[in-house]
Amino acid sequence: MDIQNLLDDIVGAVQPHVGQGNVADYIPQLAAVDPHQFGISVATRDGEVFSAGDAHVEFSIQSISKVFALALVLAFDGDGIWKRVFREPSGNPFNSLIQLESENGIPRNPFINAGAIVVSDRLLSVTGSAAMAVRDLLRRETGNATLEADQRVAGSELANSHRNASLAHFLASCGNLENPVDLVLESYVNQCALAMTCEDLALATRFLAANGVGAEGTRLLSPAQTKRINAVMLTCGTYDAAGEFAYRVGLPGKSGVGGGIVAVVPNKCAISVWSPGLGRSGNSVAGVAALDEFTTRTGWSVF
Ligand code: GLN
């Protein structure tokens with residue numbers, strides 16, 4: 001398989017989709033990003049990296065951070081988190097309030113906002129700073145010591161975070177937060193504001209394609225924990241479009257409203273794509289098209 005050639009081809013093939021959809025505008029800093037960009041990177045299990053298009057441009061990883069936060073909580077704290085968050089697809093938008101009330105403050109899964117806020121809360125309790133813990137994991141996995149949250153994005157989201165504040169207050173009212181709402185929100189927003197390139201993101205996701213073994217052979221998760229995270233990504237990682245994503249791409253994946261998506265081919269490679277235009281459910285239009293193209297052409301899917 002000539003991966004570099006394939007990625008170069010995909011850049012050409014997805015051009016009609018680049019710029020389609022809408023950039024996230026409820027976070028004003030993200031609304032300012034040029035939608036006519038597309039990048040793709042693959043990091044193989046053995047550490048080889050291939051990139052094409054705008055794979056070296058930094059973007060806001062947003063909800064992709066939820067995967068790394070969950071991995072850290074499982075690594076540090078084991079299965080206790082599953083008493084506070086379910087692992088079923090929600091079928092609702094990522095920031096929906098509706099289910100949370102009818103299900104008594106237990107979020108449907110760790111990848112919708114309510115669930116990720118619970119995970120960040122636990123990570124905050126266990127490490128003292130969820131955003132720093134995620135940042136340090138990403139620095140270690142990428143070898144990029146300058147990886148940092150974009151404070152303009154964090155500030156912009158925090159100043160417009162009524163929806164997430166509602167979710168967090170509701171969680172607190174149900175006894176499902178351990179830390180003060182303001183602290184948890186700040187942590188959550190800062191982990192979402194981490195800025196990365198496609199290439200860094202593929203490297204950072206590689207441990208999920210390597211049975212839980214990270215950079216330099218360090219074990220981050222057991223093979224069973226890795227399997228479970230990948231399973232939750234497959235069923236819940238792209239929100240109320242998870243069925244469509246499984247149909248088109250056929251891999252565990254996690255998207256963010258910055259336009260990034262990571263996907264995992266177990267035992268083979270991690271793929272990251274980025275293009276800021278989002279479809280109705282908040283997933284990158286050109287990003288999904290590129291992953292569809294990738295798995296269709298390689299046959300590398302879990303199905
Ligand atoms: N920070 C964003 C939010 O909470 C993340 C959402 C996303 O990427 N889907 O709304």
Side-chain angles (χ1 to χ4, degrees), residues 21-33 35 58-70 85 89-98 100 107-121 123-124 130-131 134-135 149-171 177 181-196 201 205 232-233 236-242 244-245 253-263 272-285 287-288:
N22 297 299
V23 295
D25 57 4
Y26 72 101
I27 301 173
Q29 276 290 325
L30 297 185
V33 178
E58 283 191 344
F59 60 91
S60 192
I61 68 168
Q62 292 297 319
S63 283
I64 298 172
S65 67
K66 294 169 180 173
V67 174
F68 304 113
L70 178 65
V85 56
S90 70
N92 280 312
F94 61 81
N95 56 3
S96 171
L97 292 149
I98 293 171
L100 194 60
R108 264 298 169 104
N109 67 67
F111 295 151
I112 53 171
N113 287 12
I117 290 169
V118 168
V119 172
S120 283
D121 175 53
L123 194 53
L124 183 58
V134 173
R135 187 198 70 180
D150 182 333
Q151 286 310 318
R152 288 162 309 175
V153 173
S156 170
E157 179 164 7
L158 210 51
N160 293 280
S161 62
H162 300 302
R163 180 65 74 116
N164 285 330
S166 312
L167 290 168
H169 279 290
F170 192 80
L171 288 163
L177 275 196
V181 164
D182 290 352
L183 220 58
V184 178
L185 274 180
E186 197 190 315
S187 255
Y188 168 77
V189 160
N190 270 286
Q191 78 177 50
C192 289
L194 286 161
M196 292 174 77
L201 208 42
T205 309
V232 181
M233 284 170 74
C236 310
T238 44
Y239 319 116
D240 49 337
E244 181 68 10
F245 188 84
K254 182 76 208 81
S255 60
V257 290
I261 308 177
V262 295
S272 71
V273 290
W274 169 62
S275 194
L278 308 176
R280 215 170 27 89
S281 300
N283 305 311
S284 167
V285 175
V288 174

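Whatever order the structure lists ligands and atoms in, that order sets their numbers, starting from 1. By convention here, the first residue in the shown sequence is residue 1.
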Atoms of ligand 1 close to [X] [distance to a heavy atom under 4.0 angstrom, numbered from 1]:
X	answer
C192	1 (N)
F94	6 (C), 9 (N), 10 (O)
G256	8 (O)
N164	3 (C), 4 (O), 10 (O)
Y239	7 (C), 9 (N)

Take the angle between the ring planes of Y26 and F94 and call it parallel below 30°, perpendicular above 60°, tilted in between.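 If you compare the ring of Y26 with that of F94, the planes turn out tilted.
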Closest protein heavy atom (residue, atom, distance) for [atom]:
atom	value
atom 1 (N) of ligand 1	Q62 OE1, 2.6 Å
atom 10 (O) of ligand 1	Y26 OH, 2.5 Å
atom 6 (C) of ligand 1	S63 OG, 3.0 Å

Between [X] and ligand 1, is there a nitrogen or oxygen pair with a distance under 3.5 Å?
X	answer
S255	no
V257	yes
K66	no

Donor-acceptor contact below 3.5 Å, side chain [X] vs main chain [Y]:
X	Y	value
S281	N283	no
K254	G237	yes
S156	Q29	yes
W274	S284	no

Nearest-0.5 Å distance, CG of residue N95 to CG of residue N164: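 Result: 7.0 Å between the selected atoms.
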Could you establish whether N95 and ligand 1 come within less than 4.0 Å of each other, counting only heavy atoms on the residue side?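 Not so, N95 does not reach ligand 1.
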Side chain, backbone, both or neither: which part of R163 comes within less than 4.0 Å of ligand 1 when only heavy atoms are counted?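 Neither; no heavy atom under 4.0 Å.
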Would you please say whether a donor-acceptor pair under 3.5 Å links the side chains of S65 and Q191?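 The criterion, which ignores hydrogens and geometry beyond distance, is satisfied for Q191 and S65.
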Verify the distance criterion only: is there a donor paired with an acceptor across the side chains of Y239 and S63 at less than 3.5 Å?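 Yes, because at least one side-chain N or O of Y239 sits under 3.5 Å from a partner of the opposite role on S63.
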Could you report the tightest heavy-atom contact between V119 and P110, atom names first, then the distance?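 Reported closest heavy-atom pair: CG2-CB, 3.9 Å.
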